[in-house]
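Position 1 is the first residue of the sequence, and the numbers go up from there.
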Amino acid sequence: VKALFTAPTAFRAIKQADPSGDLVENYNLSSFKTLFLAGEHCDPDTLQWCERVLHKYEVPAIDHWWQTELGWPGVGNAVGLGVFPVKHG
């Protein structure tokens, strides 16, 4: 898996079960390049937790708001242009 699009709710559940993020050490993330938290608003705490847990793997966590009516992202970090600083919240 190179990129994962998932709802922030999934990572809130993971964070609740593993607050320190230690369980990520059990998995090979060598090909994982980008985490997109999509489909709903991501609260700053969950986004910052994902950034902290994935930082040593150099995997950016991106709050990616897709809007069905637009047919593409309404707000997001254009990874193809480089990862830009994130404004949490």
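- Here His41 pairs with Trp65 under the ring-ring contact (aromatic ring centres under 6.0 Å, His included) rule; sequence neighbours left out.
- Every residue two or more places apart in sequence or in another chain was checked for a side chain to side chain donor-acceptor pair (under 3.5 Å) with Ser31, and none qualifies.
- Under the salt bridge (charged side-chain N to carboxylate O under 4.0 Å, His left out) criterion, the residue pairs touching residues 32-42 are Arg12-Glu40, with sequence neighbours excluded.
- Residue pairs that meet the salt bridge (charged side-chain N to carboxylate O under 4.0 Å, His left out) test with at least one member in residues 1-10, sequence neighbours left out, do not exist here.
- For Phe36, the ring-ring contact (aromatic ring centres under 6.0 Å, His included) partners at least two apart in sequence or on another chain are Phe5, His64.
- Judged as a side chain to side chain donor-acceptor pair (under 3.5 Å), and not counting sequence neighbours, the contacts of Thr46 are Asp43.
- Sorted pairs that involve residues 12-34 and meet ring-ring contact (aromatic ring centres under 6.0 Å, His included), not counting sequence neighbours, are lacking altogether.
- Distance alone, capped at 3.5 Å, places no donor-acceptor pair between the Trp49 side chain and the Lys15 backbone.
- Taking CG of Leu35 as the start and OG1 of Thr6 as the end, the distance is 7.5 Å to the nearest 0.5 Å.
- The distance from atom SG of Cys50 to atom CD1 of Ile14, rounded to the nearest 0.5 Å, is 7.5 Å.
- Every residue two or more places apart in sequence or in another chain that forms a side chain to side chain contact (heavy atoms under 4.5 Å, CB included) with Asn26 is listed here: Leu23.
- A search for salt bridge (charged side-chain N to carboxylate O under 4.0 Å, His left out) contacts involving Asp18 returns nothing, not counting sequence neighbours.
- Counting all heavy atoms, side chain and backbone alike, Pro8 lies closest to Ala38 at CD-O, 3.5 Å.
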Output a table of donor-acceptor pairs, distance under 3.5 Å, between side-chain atoms of residues 53-62 and any protein atom two or more places apart or on a different chain; print 'none' if there are none.
unit_1: Lys56; atom_1: NZ; unit_2: Glu25; atom_2: OE1; d: 3.4
unit_1: Lys56; atom_1: NZ; unit_2: Glu25; atom_2: OE2; d: 2.3

